[in-house]
Amino acid sequence: MRRLMVAGNWKMNGTRSSVAELLKGLKSQEFSATVDVAVFPTFLHVSEAVEALREVGVAVGAQNVATQSGPGALTGEVAASQLKDAGCSLVLIGHSERRQILGEAEGVLVAKFKAAQEAGLVPVLCVGETLEDREAERTFDVVGAQLDSVMDALGVEVFSQAVIAYEPVWAIGTGLTATPEQAQEVHHAIRARLAARNAEVAQGVRLLYGGSVKAANAADLFRMPDIDGGLIGGAALNADEFGAICRAAGS
Ligand code: PGA
């Protein structure tokens with residue numbers, strides 16, 4: 001049985017006071033013991049989050065990481081080993097905003113994925129198609145190619161220590177959620193893609209869905225057989241809403 005995971009991606013949001021407020025709200029939530037909960041603040045707020053959430057068992061991850069795992073001369077970057085030292089256990093790799101807006105290429109993502117694992121962090125690899133891809137019926141090709149870049153370079157076995165988040169780009173921050181059936185179809189295809197190389201790894205890997213998940217639609221998504229939780233953007237900035245999504249995963 002795969003344990004469900006619900007993770008909040010705070011993106012480039014938060015001030016010292018709003019983060020303090022959010023952390024206070026998260027500490028007052030009832031989280032189910034059967035669900036792994038995590039948040040991804042900006043680098044600036046990682047330490048506060050680690051400190052505040054330790055006692056409630058919520059893990060903290062970073063939204064990005066350098067391509068080299070240890071410290072060195074790489075101005076403006078943060079090493080995976082530094083994130084680990086700061087108390088992070090996870091890191092997002094290849095969020096569509098980084099792929100599309102910041103132009104992160106597959107080679108860079110592979111290097112970041114590898115660096116994360118070298119330092120003992122669990123990478124959460126984000127994959128997903130654009131609306132144009134979907135309309136041209138290229139969804140499986142695009143998502144498959146994103147998975148293949150990592151598997152070809154590092155081997156399918158790396159996914160025994162990683163999480164995959166399927167986030168259709170057209171559903172991110174748009175209020176347009178994939179239907180549970182649409183999401184399940186892609187999740188199933190992702191698992192099959194991994195299974196073609198290693199069935200055991202494919203069975204064990206957690207596949208999160210992301211894209212306009214809220215308390216109102218979470219339970220229906222999480223009920224699908226290949227959906228093992230969610231990666232939540234906008235709704236993760238509200239502690240009660242995020243708490244409700246986590247409880248939907250636990251029910
Ligand atoms: P959203 O973002 O929930 O605001 O759509 C999800 C994400 O980008 O991870």
Side-chain angles (χ1 to χ4, degrees), residues 7-14 39-46 61-83 88 90-119 121-155 158-159 162-176 178 186 189-190 193 207-213 231-234 236-237:
N9 173 12
W10 295 358
K11 308 195 179 187
M12 199 171 64
N13 292 296
V39 295
F40 294 84
T42 69
F43 288 135
L44 285 175
H45 303 118
V46 157
Q63 299 171 19
N64 185 27
V65 68
T67 51
Q68 88 184 35
S69 67
L74 211 47
T75 303
E77 292 296 289
V78 178
S81 63
Q82 294 175 304
L83 292 173
C88 285
L90 301 145
V91 62
L92 296 180
I93 304 286
H95 189 280
S96 65
E97 287 149 16
R98 299 205 62 87
R99 289 180 191 264
Q100 301 209 312
I101 305 170
L102 296 155
E104 275 189 10
E106 294 294 350
V108 168
L109 300 180
V110 167
K112 290 184 174 189
F113 189 109
K114 183 165 181 274
Q117 287 193 331
E118 277 169 6
L121 297 174
V122 172
V124 179
L125 179 73
C126 304
V127 296
E129 82 287 3
T130 62
L131 185 58
E132 200 187 349
D133 295 329
R134 179 159 279 265
E135 285 173 345
E137 297 181 3
R138 281 197 304 258
T139 299
F140 297 128
D141 295 342
V142 168
V143 170
Q146 289 168 339
L147 295 168
D148 286 356
S149 329
V150 174
M151 294 194 287
D152 291 348
L154 306 175
V158 293
F159 284 106
V163 174
I164 296 172
Y166 168 59
E167 300 202 301
V169 179
W170 49 272
I172 295 179
T174 58
L176 284 175
V186 182
I190 292 173
R193 190 98 174 184
L207 308 181
L208 313 185
Y209 168 78
S212 299
V213 177
L231 181 56
I232 322 301
L237 296 172

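Residue numbers start at 1 and run along the sequence shown. FYI, side chains are in, hydrogens and waters are out, and symmetry mates aren't considered; it's all heavy atoms of this structure.
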Locate the shortest heavy-atom distance separating C88 from V46; write the atom from each residue and the value. SG-CG1, 3.6 Å
Do T130 and Q100 have side chains that get closer than 4.5 Å, going by heavy atoms? yes
Between the main-chain N or O of A145 and the side-chain N or O of D148, is there a donor-acceptor pair closer than 3.5 Å? no
Evaluate the side-chain proximity of V91 to F113: yes if any heavy-atom separation is below 4.5 Å, no if none is. no
With I93, the side-chain contact (heavy atoms from CB on, under 4.5 Å) member among K114, K112, Q63: K112
Between H95 and E104, do the side chains contain an N or O donor and an N or O acceptor separated by less than 3.5 Å? no
Counting N and O atoms only, with roles assigned by atom type, does the side chain of E167 sit under 3.5 Å from a partner on the main chain of C126, one being a donor and the other an acceptor? no
Between the main-chain N or O of W10 and the side-chain N or O of N13, is there a donor-acceptor pair closer than 3.5 Å? yes
Given side chains that start at C-beta, do those of F40 and V124 come closer than 4.5 Å, heavy atoms only? yes
Using atom types as modelled, flag every donor-acceptor pair under 3.5 Å from a side chain in residues 65-79 to any protein atom, sequence neighbours excluded.
residue	atom	partner	partner atom	Å
Q68	NE2	G70	O	3.2
Q68	NE2	P71	O	3.4
S69	OG	E118	OE1	3.2

Please report the shortest heavy-atom distance between K11 and T42, naming the atom on each side. O-CG2, 3.3 Å
Would you please name every residue forming a ring-ring contact (aromatic ring centres under 6.0 Å, His included) with Y166, sequence neighbours left out? H187
Please confirm whether the backbone N or O of A178 pairs with a side-chain atom of Y209, one donor and one acceptor, at under 3.5 Å? yes
Quick one: are L147 and I164 in side-chain contact, heavy atoms under 4.5 Å? yes
Mind checking salt bridge (Lys or Arg N to Asp or Glu O under 4.0 Å) for E129 and listing every partner two or more places apart, or none if nothing turns up? R134
Should V122 and V163 count as side-chain neighbours, where that means a heavy-atom distance under 4.5 Å? yes
If you define the side chain from C-beta out and look only at heavy atoms, does anything of V142 sit under 4.5 Å from Q146? yes
